[in-house]
Amino acid sequence: MKKLSDAVTIDFNDENSNTSSNPTFDSVLAARLSRRGLLRGGMGTVGTALLGSFAVTACGGGDDNVAAVPGETLLGFTAVGKSLADAVIVPAGYTASVIYALGDPLTATTPAFKNDGTDVDYENRAGDHHDGMEWFGLSSDGRLSTSSTDRGLLAVNHEATTDEKLSSFFMHANGGTTTLPRPASEIDKEVAAHGISVVEVRKTAGKWATVQSSAFNFRLTGLSEMEVAGPARGNALMVTKFSPTGTRTRGTLNNCGTGKTPWGTFLTGEENWFGYFTRSSTDDAARGNDKSVTSLNRYGRNQGAASRHGWESGGTEDKYARWINSKLGTSANGSDDYRNEMNGMGYIVEIDVLDKSKLAKKRTFLGRFAHESAAFSTPVVGQPLAVYMGDDARNEYVYKYVSSALWSAADANPTDRMATGDKYLDNGKLYVAKYNADGSGQWIELSMANPLIANYAGYKFADQADIVVNARIAGDAVGATKMDRPEWGGVNPANGEIYQTLTNNSNRRVEPSGSTQLAPDASNPRVYTDMKGSTAQPGNPNGHLLRMKEGSAGGAATSFTWDIYLFGAEAGADKGMVNISNLTADQDFSSPDGLVFSPSTGICWIQTDDGAYTDVTNNMMLAAIPGRVGDGGKKTLSYTKADGSKLDVATDVGKAPTPSTLKRFLVGPVGSEITGLCETPDGKAMFINIQHPGENTANANIGDPAKYTSQWPSNAGYGPGKRPRSATIVITKNDGGRIGS
């Protein structure tokens, strides 16, 4: 029998299918490094890494006319030290409590979770891999409230499942089947564990908890019916056996970052969905080697590609056949098979959390790629709305959508929220970013009016629907800047500037070889080797954060300025070439991922998803008081090539943080990623997610919890069994104050 572990070895969070020849800047930097002995100035090159925690313990260790957040915010806590404990560590004076974990029931009739792999009915339970999350306050009469601080809905992404040999290890009694075909019962459980949750939470007698019997609770899964909206609706690219009209699709997958619209709906981003599909080894010829092959290859599904979980092997039912993204039928348009099914994934999905009777909508005008968050510009009456987005894969792009409709104050509290979404998200312009070496940048429109797209030799675009469905190829066509994995973005409420995390990129090289390796450039300027024990980690293993200031037209501007806000690095690394932001032991981090600005305090919260520094510390969350674009200065990085010649590149670097403007707030359990963040309006309760604790439980006996790398949150006293569970926690300040200040 074929082993899934043999069929699939790709890391779906490090996908790289951008082999275009887009320029990445003329200037280049030099690669010299350090770390441990090497980090402190010796020979060669170097870096760092992280891991996760929770037995809940506390320890010490734009334009100027944009309104500022009221009051001056200071980081009023003692920094948390780095930790390898299987616990969530928060500062002294704070408490963290688990409130919603994998398998928790969402209805009064759903049985209590056993956490032994026998649980079913995940359509009515918390899904797995809690990720991005948003808060929606509820008034006493059950309406949306912007002021409620003790009752609300949490909309929670469930990105994936914890895999061991590519079955969802902890969800099955025996660890799951690792050969094909897989049992339908296992597949059904895994599909249902993906998607999103909406769950009511309340504070009673000072303690937060979910409301299991709430009529507001619901799940959307990998099978839930959804509507296609925007330019791709009804287009030939969306035609499938399930929806011959191209107006419907099923499910949402690999939901990562989030957004909250100004009219009160939830946005969820579909990230690494491509790996769930399989293609036959002869599919190119079956398709007549038409342009759909170019699209599939660009989105990571070459012919012969195996699926991540083998969901297609569950039987002959349609719900399993849909994962076979091959031309199997005889129709000309794909109405008798699922050759176009993958075109239905990869969008920002809008959901009305207050009305589960309304179908979720895939907002195709915001482009199709590996979406993370969707960050809105500050709404201004009479001006369009902008939405900023990143494509989370090596060498991919940063995007912006600008609405044709101008913001109306009446739409902040509409009678029909999804219709308001139609107004602002289904008609506009999609742009991609190009970063210039002098600190300027352009937003390049992706439309048929752009001759670079209309005349692109690499792919013949038919219309705007074709452009948004193949946004990556459109970005290739216009020469967008290849970035180091653009993940979450955020807009600073104090000045409207845009922040973008760039998590890392293993493919940066001083002297690139092959189509996927890139030379460093001004916006992605570091190339070095970070040693994790005896393992060399080349490229940009620690990542950085970019920030942008729009031109005079605000969100509608087509030009901007930018600089690099922070470089991730180990505190002891070479300050000339690696630790460029001069981070101290209370500030150092690697692989920034989640990023959320607090609307209450203005604090910028930075979360990590790292593998480079995990021999030193688990993943973490930091609090930052950001400055503004241009508050630092020029920095030139110089490296020596193999032939002895120099490669120099100048970049713009923000002012180095101080102990009062950047410090570590939280460290998570072993193997976990820290992700998702939202607050009550008063900033006194913060909800964050602990994703995939114990992820690296390689080859453990499912019946021997002592072999699990994590037992969180059971070791914190939450729930039955010892299998690790992704979960939402709530953080409060013991004196009742605002978080972080």
Side-chain angles (χ1 to χ4, degrees), residues 97-115 119-158 192-221 224 252 255 258 260-261 264-268 349-360 413 417-418 676-682 684-689 713 718-720 725-732:
S97 304
V98 181
I99 61 169
Y100 184 57
L102 165 69
D104 280 353
L106 281 172
T107 71
T109 58
T110 305
F113 192 59
K114 298 176 183 177
N115 197 24
D119 299 283
V120 293
D121 194 20
Y122 277 87
E123 293 85 355
N124 293 305
R125 298 184 183 277
D128 204 356
H129 281 210
H130 298 45
D131 207 312
M133 176 170 53
E134 299 289 343
W135 161 271
F136 297 85
L138 286 177
S139 63
S140 58
D141 61 357
R143 299 185 181 186
L144 289 181
S145 168
T146 58
S147 60
S148 176
T149 60
D150 57 7
R151 182 191 183 198
L153 301 177
L154 291 178
V156 183
N157 281 347
H158 297 294
H194 287 65
I196 68 106
S197 291
V198 174
V199 58
E200 182 178 348
V201 293
R202 291 190 190 183
K203 184 173 68 173
T204 305
K207 293 188 177 181
W208 286 93
T210 60
V211 182
Q212 182 177 337
S213 59
S214 174
F216 291 108
N217 295 349
F218 70 93
R219 285 288 321 282
L220 294 178
T221 75
S224 301
T252 184
N255 302 81
T258 57
K260 187 175 181 180
T261 68
T265 57
F266 176 62
L267 300 182
T268 177
V349 184
E350 184 178 14
I351 299 159
D352 188 339
V353 299
L354 213 62
D355 190 350
K356 56 190 172 187
S357 69
K358 290 186 176 178
L359 288 183
N413 188 27
R417 287 176 290 274
M418 294 302 283
L677 186 150
C678 57
E679 295 177 319
T680 52
D682 57 6
K684 294 181 178 181
M686 175 185 287
F687 305 91
I688 71 167
N689 285 321
Y718 186 87
R725 301 161 68 186
S726 294
T728 301
I729 65 174
V730 60
I731 300 172
T732 54

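A side-chain donor from one of Tyr100 and Ser197 sits under 3.5 Å from a side-chain acceptor of the other. A donor atom on one side chain and an acceptor atom on the other are found under 3.5 Å apart for Tyr718 and Asp104. When only modelled atom types and interatomic distance are considered, Thr268 and Asn157 share a side-chain donor-acceptor pair under 3.5 Å.
Annotation: the span from Ile196 atom CD1 to Thr252 atom OG1 amounts to 8.5 Å, rounded to 0.5 Å. Rounded to the nearest 0.5 Å, atoms CD (Glu134) and CG (Leu153) are 12.5 Å apart. Separation of atoms OG1 (Thr210) and CG (Leu106) is listed at 7.5 Å; rounding is to 0.5 Å. Separation of atoms CZ (Arg725) and NE2 (His130) is listed at 8.5 Å; rounding is to 0.5 Å. One finds the CD1 atom of Ile99 at 5.5 Å from the CG atom of Leu154 (value rounded to the nearest 0.5 Å). The CE atom of Met133 sits 4.0 Å away from atom CG of Asn689, with the distance rounded to the nearest 0.5 Å.
The shortest non-hydrogen separation linking Ala192 to Thr221 is O-CG2, 3.6 Å. Of all heavy-atom pairs between Asp119 and Ala112, the closest is OD1-O, 4.0 Å. The minimum heavy-atom distance linking Arg219 with His158 is given by the pair NE-CD2, 4.0 Å. The minimum heavy-atom distance linking Thr258 with Gly132 is given by the pair CG2-C, 3.3 Å. Residues Thr110 and Gln212 come closest through the heavy atom pair O-NE2, 3.6 Å. The two atoms that bring Ala126 and Ala101 nearest to each other are CB-O, 3.2 Å, heavy atoms only.
When side chains are defined from C-beta on, Phe687 does not count as touching Leu677, because their heavy atoms never get closer than 4.5 Å. Looking only at side-chain heavy atoms (C-beta outward), Arg202 and Asp150 stay at 4.5 Å or farther from each other. At a threshold of 4.5 Å between non-hydrogen side-chain atoms, the residues Asn124 and Pro105 do not count as touching. Annotation: side chain of Thr107 is not in contact with side chain of Asn217 (no heavy-atom distance under 4.5 Å). Ile351 has its side chain within reach of Phe218: a pair of non-hydrogen atoms, C-beta onward, lies under 4.5 Å apart. A heavy-atom distance below 4.5 Å is found between the side chains of Val201 and Trp135. Leu354 has its side chain out of reach of Phe136: every pair of non-hydrogen atoms, C-beta onward, lies at least 4.5 Å apart. A heavy-atom distance below 4.5 Å is not found between the side chains of Asn255 and Asp131.
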Candidate pair Thr261 and Leu267, rule side chain to side chain contact (heavy atoms under 4.5 Å, CB included), full reasoning: CA-CA 7 Å; Thr261 68; Leu267 300 182; 3.7 Å; yes
Verdict with reasoning, Leu138 to Ser145, per side chain to side chain contact (heavy atoms under 4.5 Å, CB included): CA-CA 5 Å; Leu138 286 177; Ser145 168; 5.9 Å; no
Please report the C-alpha distance between Arg125 and Phe113 in whole Å, then the side-chain angles of each, then the deciding distance to 0.1 Å, and finally whether the side chain to side chain contact (heavy atoms under 4.5 Å, CB included) criterion is met. CA-CA 9 Å; Arg125 298 184 183 277; Phe113 192 59; 4.0 Å; yes
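Between the side chain of Ser214 and the backbone N or O of Phe216 there is at least one donor-acceptor pair closer than 3.5 Å. A side-chain donor-acceptor contact under 3.5 Å links Arg151 to the backbone of Ser139.
Checked for salt-bridge contact, Asp355 and Arg417 miss the test: no charged N lies under 4.0 Å from a carboxylate O.
Residues passing the side chain to side chain donor-acceptor pair (under 3.5 Å) test with Ser224: none are found, sequence neighbours excluded.
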